[in-house]
Structure formats: C-alpha cells, structure tokens
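Numbers here simply count residues along the sequence, with the first being 1. Keep in mind that the numbers below use all heavy atoms, side chains included, and drop hydrogens, waters and symmetry copies.
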Amino acid sequence: MGRCQCVNKVDSKADLKGHAQSKPSLALLIVGDSAAAGVGVSTQKQALSGWLVESLSTNYCINWELKAKAGVNSTDLLSMLQRAKPNSEPTVDSKSTPPSILTSTHDFDTPLECRAFDVAVISIGVNDITGFTSLRKWRCNLKHIIEILKARFQCRFIVFTALPPMHEFPALPQPLRWVLGQKAKYLNAALLKLVNNYHGVNVLTLTLNPIDNSQSNNTHNYIAEDGFHPQVAGYQLWSNAVVKLVNEELDELVGKNSHVG
C-alpha cells in the first residue's frame, strides 16, 4: 500500500496545504498474477504499479494498493477478495510530511481491507490457461470478482487486461504454444462478452506497436528474458494504455475539475 504525495516542491506549510488540495484524490487497486506483481523487472518502479503511479500522479493524488502473486488464477483472486476484512486504516499524522511514495505492499495472502477504490486494474488469466480452467468456471469467477469489487470496494472503474498473445511467447514450445494461444482467445472472448453486462468495466487489449522501425519479432521487444513476462518496455506500454482508459473514464464520470476520491 502506498501514497503518492501531491506536491513536488513547496516553500511553506501553507504552500504544502494549497498544493495538496489542487489535485483530486484517486484510490487505485492493482490485483492479480505475476505480471501484476512485476515479475520480469528488478523493481516496482519498472513494473506496472510504478509506471501507473508515476503517470497518474500528474493529475491525481494517488492512494494505491498492490495485491499480486505469481501463480494466481481467477479462483485465487476471487478467494482473496472474498476474505477482505473491515477497514482499519490508521489516521495519518497531519504534522508529518509523508514521503513521495510509500513502497510497502501487502502480501497477496494477507486479507485486503474493505475500502473504496476509484479504479481497479486486474491482470488475471494466464494461470487459468495453463491450469486449464473451464470456460464456465472462468465466467463464474469473473462475474463474482466484478460484483465484489463494485459492492464491497465501491469501484467506479474496473480495467481487466486481456490475456496476452500466448501463441507468440518464445518460452513456450510448439505445439503447446498454439494450444495455449487458442485457449487465451476463448477466455478473452468470454471476458469481453461478460463485461458488456456492466457499467464501468472495461477490457484493455494491448497492441504491440513497434518501439523501433523494425516490424519483425515485435513481441520480443516487450518480453523479458524468461520469454514469458513483460520487460520494462512492456510494462510501460501497458501502463500508458491503462492511464489513457482511466483518464477518459474519470473525465466522463466526474468531470475534469471534480474530486474523484
């Protein structure tokens, strides 16, 4: 869990208070699997959470929480959300100046506290593919995840990241790569169909635009050395797409000059 302070440089306590009130607050929840956890890069600053906090803090005071773990599937994520406990967040000492970012995060297995989040960003599904979760179970899990996030966490906007093009993952041998790629397409289709039933829920499908002039082997530019997870450029691309969606959605929901949180 962390907070991004609203100010960069101030000359007095009055300036600090004025700057802090100049931006609307935004409560951000990032949940899911190893990609959400930042596997593939060496620090959270290079991962999805780091890029998101840095980008969104331009317009918002970010209060964020990361709950992610390698190997997590949709059943695990649903179970974690179901175990959420009442909010017991301590009161912040107004006399102390918080650091720009608090880098501590809650372990995935530690119960999440029930509190309101404006935005939830979800990375889930790859382990459902490798674990051969049925389409019926996948749809059921996603339905309950959405409904819990809306009911218990009051999420205004939920962003699911579509499953990546696993048929292009260099770490996977053929024909397994093709088989898992087909499974990813089926789960993505089910996800897209499901979110149409909900307001404020979106599926982000990433387009791997070239980061140089070469059109060949473009996926490799975004995948880490393990051939499976994103690298820095991949996480940045992902974050940029999420930020674009979030800004568009929140502008529509509350207006550019309104407080979000």
Legend entry - Inter-residue atom distance Leu135.CG - Leu191.CG, 0.5 Å rounding: 11.5 Å
Legend entry - Under 3.5 Å donor-acceptor, Asn188 side chain and Ala162 backbone: no
Legend entry - Test item: Gln236 side-chain N/O and Asn240 main-chain N/O as donor-acceptor pair under 3.5 Å: no
Legend entry - Min side-chain heavy-atom separation Phe160-Leu142 under 4.5 Å: yes
Inset, instruction - Decide yes or no for Asp118 and Phe157: does some side-chain heavy atom of the first lie under 4.5 Å from some side-chain heavy atom of the second? - result: no
Inset, instruction - Side-chain contact test, heavy atoms from C-beta onward, threshold under 4.5 Å: evaluate it for Leu149 versus Ile122 and give yes or no. - result: yes
Inset, instruction - Mind checking the CZ-NZ spacing from Phe132 to Lys183? Nearest 0.5 Å is all I need. - result: 7.5 Å
Inset, instruction - Would you give the length of the straight line joining atom CG of Leu204 to atom CG of Leu206, rounded to the nearest 0.5 angstrom? - result: 4.5 Å
Inset, instruction - Identify the heavy atoms of Arg152 and Cys114 that sit nearest to each other, and give their distance. - result: NH2-SG, 3.5 Å
Legend entry - Student check: side-chain heavy atoms of Asn247 and Tyr60 closer than 4.5 Å: yes
Inset, instruction - Answer yes if the side chains of Trp138 and Ser74 hold a donor-acceptor pair under 3.5 Å, and no otherwise. - result: no
Inset, instruction - Quickly, which of Thr205, Ile124, Leu180, Val126 forms a side-chain contact (heavy atoms from CB on, under 4.5 Å) with Leu163? Name it, please. - result: Val126
Inset, instruction - Could you tell me which residues satisfy salt bridge (Lys or Arg N to Asp or Glu O under 4.0 Å) with Lys143, sequence neighbours excluded, listed by chain and number? - result: Glu147
Legend entry - Minimum-distance pair of heavy atoms, taken over all atoms of Ser49 and Leu66: OG-CD2, 4.3 Å
Legend entry - Reference residue Val246; test side-chain contact (heavy atoms from CB on, under 4.5 Å); the match among Asn59, Val119, Asn202: Val119
Legend entry - Leu192 vs Leu194 side-chain heavy atoms within contact, under 4.5 Å: no
Inset, instruction - Could you list the residues that satisfy side-chain contact (heavy atoms from CB on, under 4.5 Å) with Ala70, not counting sequence neighbours? - result: Ser34
Inset, instruction - Could you pull out all residues at least two apart from Lys69 that satisfy salt bridge (Lys or Arg N to Asp or Glu O under 4.0 Å)? - result: Asp109
Legend entry - Pairing residues for Ser55 by the side chain to side chain donor-acceptor pair (under 3.5 Å) criterion, not counting sequence neighbours: none
Inset, instruction - Dump the intermediate steps for side chain to side chain contact (heavy atoms under 4.5 Å, CB included) on Leu245 and Val243, then the final yes or no. - result: CA-CA 5 Å; Leu245 270 182; Val243 169; over 6 Å; no
Legend entry - Pairwise distance CD(Gln182) to CD1(Ile129) - rounded to 0.5 angstrom: 11.0 Å
Inset, instruction - Locate the shortest heavy-atom distance separating Ala27 from Ala116; write the atom from each residue and the value. - result: CB-O, 3.6 Å
Legend entry - Sidechain-backbone polar pair: Arg139 side chain, Leu187 backbone, donor-acceptor under 3.5 Å: no
Legend entry - Ser79 side chain vs Thr75 backbone, donor-acceptor pair below 3.5 Å: no
Legend entry - Listed partners of Asp33 passing side chain to side chain donor-acceptor pair (under 3.5 Å), at least two apart: Ser123
Inset, instruction - Verify side chain to side chain contact (heavy atoms under 4.5 Å, CB included) between Trp238 and Thr161, making sure each step is shown before the conclusion. - result: CA-CA 9 Å; Trp238 185 3; Thr161 304; 2.9 Å; yes
Inset, instruction - Please say whether more than 12 non-hydrogen atoms of neighbouring residues, nucleotides or ligands are located less than 6.0 Å from OH in Tyr198. - result: yes
Legend entry - Side-chain donor or acceptor of Asp128 paired with backbone N/O of Thr133 under 3.5 Å: no
Legend entry - Met80 backbone acceptor or donor facing Lys67 side chain under 3.5 Å: no
Legend entry - Residues which pass salt bridge (Lys or Arg N to Asp or Glu O under 4.0 Å) with Lys137, listed by chain and number, not counting sequence neighbours: none
Inset, instruction - Check the side chains of Arg115 and Asn63 for a donor-acceptor pair under 3.5 angstrom, ignoring hydrogens and angles. - result: yes
Legend entry - Side-chain heavy atoms of Leu81 within contact of Ile145, under 4.5 Å: yes
Inset, instruction - State, with a plain yes or no, whether a side-chain heavy atom of Val72 is found less than 4.5 Å away from one of Phe108. - result: yes
Inset, instruction - State, to 0.1 Å, how close Ser57 and Lys23 come at their nearest heavy-atom pair, and which atoms those are. - result: O-NZ, 2.8 Å
Inset, instruction - Evaluate the side-chain proximity of Val121 to Ile158: yes if any heavy-atom separation is below 4.5 Å, no if none is. - result: no
Inset, instruction - State, to 0.1 Å, how close Ala84 and Phe153 come at their nearest heavy-atom pair, and which atoms those are. - result: CB-CZ, 3.5 Å
Legend entry - Nearest-0.5 Å distance, OG1 of residue Thr130 to CG of residue Asn73: 8.0 Å
Legend entry - Atom pair CG (Leu52) and OG (Ser239), whose distance is rounded to the nearest 0.5 Å: 4.0 Å
